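A short write-up of the structure that comes next.
In this chain, residues are counted from 1 in sequence order. Nothing here was measured: the structure is a model prediction, and the numbers come from that model. First listed ligand is number 1; within each ligand, the first listed atom is number 1. These numbers come from the heavy atoms of this one structure, side chains and all, not from hydrogens, waters or symmetry mates.
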Amino acid sequence: MLIKKPDDIRPSEITDEPVYRQRRRLLGAAGLALTGLAVGGGLLLQRRSKAMSKTPQTAALALPEPYSHYPSLPKGPFSSGEEPTDYTDATRYNNFYELGSSKEDPARNAGQLVTHPWSVRVEGECARPALYTLEDILRPHALEERVYRLRCVETWAAVIPWVGFSLGDLLKRFEPNSHARFVEFETLLDPKHLRAQRSHLLDWPYREGLRLDEAMHPLATLAVGMYGNELPNQNGAPLRLVVPWKYGFKSIKSIVAIRFLRERPPTTWNSLQPDEYGFYANVNPAVSHPRWSQARERRLGEWSKRETLPFNGYAEQVASLYAGMDLKRDF
Ligand SMILES: Nc1nc2c(c(=O)[nH]1)N[C@H]1C(S)=C(S)[C@@H](COP(=O)(O)O)O[C@H]1N2
Ligand SMILES: [Mo]
């Protein structure tokens, strides 16, 4: 045979070292799955090993070593002491539909997201609406490392060391008035570069929203980085929301607009399928998604499932925000 079958090419010939090691790990785990130790991991496993095998040709942007940019930041409030998810997993297995709909697309297409220059439009019920440059937005805020659990509604989960600050500290600077009851966020609309936005995959731009009191909670974070570096494009550079007690789709990426509103805004996933994706989207093991139970979850890089905790383990901090609400109805 003149042509090598892909299987005959050793991964070390075609991949950089961290990817090679990662792939080895996945293949090792595949062995475990076949012996039945990782029941139910099939789909995730398949998707991930596919992602890894495509990585050599497709890793559009190289990532710096962890902690190259922010070598040591003070730990922020409520940081988890749990082991963070592998940096490679957190940056190669993503949801960011603007960069494609499969888990490996965002890393592969990361170069489509143009983040310089960046500005954020602030509008609505506040004293200081304006177009702010990213520098204006960030200047007064001291950055912290906030290690938070992330739980996707699809039942995969992670522990991410974010670099950021409290969303509420930024929102206060715009002086919301007494009519402001909700905050809406919008992602960049740029179909010229973000090719997926030329399709009707979602009703672009991606939109999310919070009640103002949720947004002011100190756990609600604006992130500019992770793992001691600036945010990789696939994770929502240059500025994204992190709401750790809610399903991941609330944590909107690459924010270009913040709007203070009197009424609850329509949001992307809730408008698309209101019976599947609630506006509140608080992590709740007792309320199943129509297609999957939310009782358990699987962390990236792990093969056994964990119990899902109410509010993703942040009930002590946030449950009081929902006092008197029926969380089965207002999910
Ligand atoms: N603009 C935008 N933001 C988004 C998404 C998206 O498709 N577009 N996906 C969401 C979903 S479903 C999840 S689980 C998280 C994933 O974040 P991560 O890829 O950094 O882990 O981003 C959220 N933010
Ligand atoms: Mo998600």
Side-chain angles (χ1 to χ4, degrees), residues 44 47-48 51 63 84-110 112-113 115 118 120 146 148-164 184-191 193-197 199 201-210 221-227 229-258 267-273 276-278 281-283 289 291-292 294 297-301 308 312:
L44 184 64
R47 281 173 158 183
R48 295 188 63 217
L63 295 178
T85 295
D86 189 280
Y87 183 51
T88 309
D89 290 350
T91 53
R92 298 265 168 90
Y93 186 92
N94 300 103
N95 275 337
F96 195 175
Y97 277 48
E98 288 83 343
L99 296 176
S101 56
S102 79
K103 294 292 179 281
E104 56 270 26
D105 280 340
R108 179 194 302 159
N109 298 327
Q112 293 179 14
L113 176 64
T115 58
W118 197 269
V120 179
R146 300 181 164 201
Y148 291 154
R149 290 178 292 279
L150 171 76
R151 170 61 153 81
C152 176
V153 72
E154 298 162 335
T155 75
W156 58 270
V159 177
I160 310 284
W162 300 107
V163 174
E184 182 187 18
F185 303 88
E186 218 175 88
T187 294
L188 177 67
L189 181 67
D190 181 16
H193 298 106
L194 300 170
R195 300 177 64 95
Q197 287 186 334
S199 78
L201 191 60
L202 291 179
D203 180 17
W204 314 108
Y206 194 104
R207 290 191 182 85
E208 260 309 333
L210 296 170
T221 296
L222 273 179
V224 297
M226 60 197 282
Y227 298 83
N229 289 330
E230 295 182 302
L231 279 175
N233 284 1
Q234 58 264 41
N235 295 93
L239 186 69
R240 74 170 289 173
L241 191 61
V242 177
V243 195
W245 71 96
K246 294 177 179 283
Y247 292 120
F249 67 85
K250 300 294 290 184
S251 292
I252 183 173
K253 296 177 170 182
S254 305
I255 296 167
V256 295
I258 299 177
T267 53
T268 297
W269 287 102
N270 180 246
S271 301
L272 196 67
Q273 292 285 0
E276 297 190 7
Y277 309 104
N282 293 314
V283 174
H289 181 277
R291 288 197 300 279
W292 45 73
Q294 295 294 11
E297 64 196 47
R298 187 196 310 282
R299 281 200 187 157
L300 298 184
T308 289
N312 202 21

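Using a 4.0 Å cut-off between heavy atoms, Ile160 makes no contact with ligand 1 at all. Residue-level proximity to ligand 1 for Tyr206 is carried by the side chain, the only part with a heavy atom below 4.0 angstrom. In Asn95, the parts holding a heavy atom less than 4.0 Å from any atom of ligand 1 are both the side chain and the backbone.
Of all protein heavy atoms, the one closest to atom 7 (O) of ligand 1 is Tyr97 N, 2.8 Å. Of the protein's heavy atoms, Lys253 NZ, 3.4 Å lies nearest to atom 18 (P) of ligand 1. Here the protein heavy atom with the shortest distance to atom 23 (C) of ligand 1 is Gly248 O, 3.2 Å.
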request  = Go through the steps to decide whether Trp118 and Val120 satisfy the test side-chain contact (heavy atoms from CB on, under 4.5 Å), and finish with yes or no.
outcome  = CA-CA 7 Å; Trp118 197 269; Val120 179; 4.2 Å; yes
inquiry  = Evaluate Glu98 against Asn109 for side-chain contact (heavy atoms from CB on, under 4.5 Å), listing each step before the verdict.
reply    = CA-CA 9 Å; Glu98 288 83 343; Asn109 298 327; over 6 Å; no
key: side-chain contact (heavy atoms from CB on, under 4.5 Å) between Gln234 and Leu63, worked out   = CA-CA 11 Å; Gln234 58 264 41; Leu63 295 178; 4.2 Å; yes
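The distance from ligand 1 to the heavy atoms of Cys152 drops below 4.0 Å at these ligand atoms: 14 (S). The ligand atoms of ligand 1 that sit less than 4.0 angstrom from a heavy atom of Thr187 are 1 (N). Distances below 4.0 Å separate heavy atoms of Asn235 from the following atoms of ligand 1: 18 (P), 20 (O). The distance from ligand 1 to the heavy atoms of Leu150 drops below 4.0 Å at these ligand atoms: 21 (O).
A salt bridge is defined here as a Lys NZ or Arg NE, NH1 or NH2 lying under 4.0 Å from an Asp or Glu carboxylate O, and Glu208 with Lys246 fails to meet this definition.
Put simply, part of Arg240 is less than 4.0 Å from ligand 1, judged by heavy atoms. Note on ligand 1: Trp156 sits in its first shell, one or more heavy atoms being nearer than 4.0 Å. For the ligand labelled ligand 1, residue Ser251 lies inside the 4.0 Å heavy-atom shell.
Within the model, atoms CZ of Arg207 and CG of Leu189 stand 9.0 Å from one another, a figure rounded to the nearest 0.5 Å.
The ring of Tyr247 has its center no closer than 6.0 angstrom to the ring center of Trp269. In summary, the aromatic rings of Tyr206 and Tyr97 are positioned with their centroids too far apart to meet the 6.0 Å limit.
At least one side-chain heavy atom of Tyr227 sits less than 4.5 Å from a side-chain heavy atom of Ile160. Within the 4.5 Å cutoff, no side-chain heavy atoms of Arg149 are placed close to those of Val283.
Taking distance alone, with nitrogen or oxygen atoms compared against 3.5 Å, Glu98 approaches ligand 1 more closely than that limit.
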